[in-house]
Enquirer: 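Can you read through this structure? Questions will come right after.
Hydrogens, waters and symmetry mates play no part in the numbers below; they use all other heavy atoms, side chains included. As the structure lists them, so they are numbered: ligands from 1, and atoms in each ligand from 1.
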Amino acid sequence: MPKYIIERNGPLKGEVEISGSKNAVLPIMAASILTSKKCIITEIPKLRDVDVMCQLLKSVGAEVHIDYIKKEISITCDTVSELEAPYELVKQMRASNLIMGPLLARTGKVKIAMPGGCAIGARPIDLHLKGFQALGAEIELEHGYVEARADRLVGDKIYLDFPSVGATENIMMCAVLSEGTTTIENAAEEPEIVDLANFLNSIGGKIKGAGTDTIKIEGVSERELTGTRYTIIPDRIETGTFMVAAAVTRGDLIIKNAIADHVKPVIAKLKECGVEITESDGNIRVTAYNEIKATDIKTLPYPGFPTDMQAQFMTLLTSVNGTSIIIETVFENRYMHIGELNRMGANIKIEGRSAVVSGKQPLEGAQVTATDLRAGAALVLAGLIAEGATEISDIYHIERGYSEFVEKLSKVGAKIKKIDD
Ligand code: EPZ
């Protein structure tokens with residue numbers, strides 16, 4: 001089983017280059033199903049999840065060529081066959097459900113294994129299905145599969161009970177080929193939603209309002225859609241993770257190819273703790289030589305503090321002066337990393353939906369397990385400051401979302417290696 005071995009090696013120093021966004025490239029790859037013309041997507045990250053999405057696209061008949069050297073993927077869906085997304089693929093990656101909207105719009109039918117829950121929560125897709133029904137689809141659930149069928153898709157006004165990122169993306173993609181106008185209210189506002197809307201408009205979609213809570217989609221016919229060459233945005237969560245890595249090791253990192261506007265809440269919170277942040281043309285410099293103090297965090301949908309940065313920030317807060325309170329409001333079970341951090345000597349207590357993090361807790365190296373993508377990242381950050389070696393297993397979680405993580409960390413002074421015992 002592959003593992004990471006990490007040893008404390010002092011402050012991280014130097015430059016790190018951020019890769020393309022996992023949570024932008026996945027819906028954009030799925031969206032290429034809508035058109036029969038060739039789509040070329042550039043600045044793609046080298047991730048397991050991108051490989052799984054490639055397999056899914058090939059299973060619906062798409063021609064897919066990926067070139068990780070050029071960081072480019074070419075996808076052509078001139079014909080789309082019936083898809084029954086198998087459970088084995090869907091359970092590897094929840095984002096498999098993002099092919100539902102485009103497939104339903106292109107073929108009028110999609111059958112996909114219900115994505116089960118995962119470590120961070122039940123992760124239902126009721127809002128996705130409610131959106132498809134509003135556009136005219138019939139939904140059937142049986143034997144762990146969900147099937148959506150529609151002879152005709154007609155635009156409608158859809159209110160999301162929660163600003164779900166995936167539901168906003170799936171409904172937006174389906175609405176591109178639905179007749180008339182669709183309005184999504186209480187829509188998610190994440191930068192990845194804007195990137196997807198920009199991609200859809202680049203192939204001939206007519207979308208306005210992405211990045212606000214109300215998105216309007218004018219339906220077009222499939223023959224109006226074209227191909228495109230599209231560059232995705234950098235990964236704001238990878239950006240935030242390296243910012244926290246600089247802070248937790250009291251280092252000095254220049255983070256290149258980063259969009260500061262996408263990580264405003266992380267910048268604000270780090271500054272509140274006493275970390276110095278300077279931004280200049282696409283780079284963010286993080287310097288943490290001063291005393292870092294406690295702060296409180298409440299995760300919220302964008303533009304609030306991102307849930308995907310909660311675990312990494314918790315690791316930082318175990319080492320600062322004072323006690324911090326973290327409230328996770330987006331997922332119901334996103335504290336799996338607490339048990340592992342406490343085994344490394346942290347003192348974190350769960351009280352309802354809050355976590356109380358005592359500061360100035362010296363961490364000790366231990367054998368720990370990654371339970372999900374961001375929990376794994378938090379354990380890597382803990383290993384950078386723990387006394388003695390830390391061994392992290394189940395690192396496949398981490399490699400789903402961090403491209404060349406070991407190489408990037410080593411380049412700025414981390415003592416980390418991947419072993420396969
Ligand atoms: C996306 O997941 C991201 N994944 C997640 O990133 C991220 O944590 C999440 O958005 C929130 O920002 C991708 O973009 C591939 P949601 P998604 O639908 O779309 C509830 C990472 O670490 N909900 O916004 O699945 C749901 O249970 C991953 O990169 C419903 O109740 O998130 C959750 O509590 C982890 N019904 C909340 O909404 C639904 O139909 C947010 O979920 C859909 C969601």
Enquirer: To which protein heavy atom is atom 36 (N) of ligand 1 closest, and what is the distance rounded to 0.1 Å?
Expert: Asp126 OD1, 2.7 Å

Enquirer: Less than 6.0 angstrom from the centroid, inside 45 degrees of the normal: does Lys111 satisfy that with respect to the ring of Tyr145?
Expert: yes

Enquirer: Determine yes or no for a side-chain-to-main-chain donor-acceptor pair under 3.5 angstrom, with Glu340 supplying the side chain and Thr369 the backbone.
Expert: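 Judged by distance alone, yes, a pair lies under 3.5 Å.
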
Enquirer: Of the protein's non-hydrogen atoms, which lies at the shortest distance from atom 33 (C) of ligand 1, and what is that distance?
Expert: Val330 O, 3.4 Å

Enquirer: Would you say Arg334 contacts ligand 1, with heavy atoms under 4.0 Å as the rule?
Expert: yes

Enquirer: Can you tell me if Ala167 contacts ligand 1 (heavy atom of the residue under 4.0 Å from the ligand)?
Expert: no

Enquirer: Could you check which of Pro124, Gly376, Gly166, Ala377 puts a non-hydrogen atom nearest to atom 39 (C) of ligand 1?
Expert: Pro124

Enquirer: Should one rank Met93, Arg374, His397, Glu332 by closest heavy-atom distance to atom 29 (O) of ligand 1, which comes out on top?
Expert: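 Nearest heavy atom to atom 29 (O) of ligand 1 lies in Arg374.
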
Enquirer: Atom 7 (C) of ligand 1: which of Ile237, Asp372, Asp308 has the nearest heavy atom?
Expert: Asp308

Enquirer: Which pairs pass side chain to side chain donor-acceptor pair (under 3.5 Å) with one or both residues in residues 197-212, sequence neighbours excluded?
Expert: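 Residue pairs with at least one partner in residues 197-212: Ser202-Thr228.
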
Enquirer: Under the side chain to side chain contact (heavy atoms under 4.5 Å, CB included) rule, what do Val380 and Ile6 come out as? Steps first, then yes or no, please.
Expert: CA-CA 7 Å; Val380 170; Ile6 307 163; 4.0 Å; yes

Enquirer: I need the nearest protein heavy-atom contact for atom 11 (C) of ligand 1: residue, atom name and distance, please.
Expert: Thr307 CG2, 4.0 Å

Enquirer: Donor-acceptor pair, Arg106 side chain versus Ile33 backbone, under 3.5 Å?
Expert: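 Pair found, side chain donor or acceptor close to backbone of Ile33.
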
Enquirer: Among protein heavy atoms, which sits nearest to atom 15 (C) of ligand 1, and what does the distance come to when rounded to 0.1 Å?
Expert: Asn23 OD1, 3.3 Å

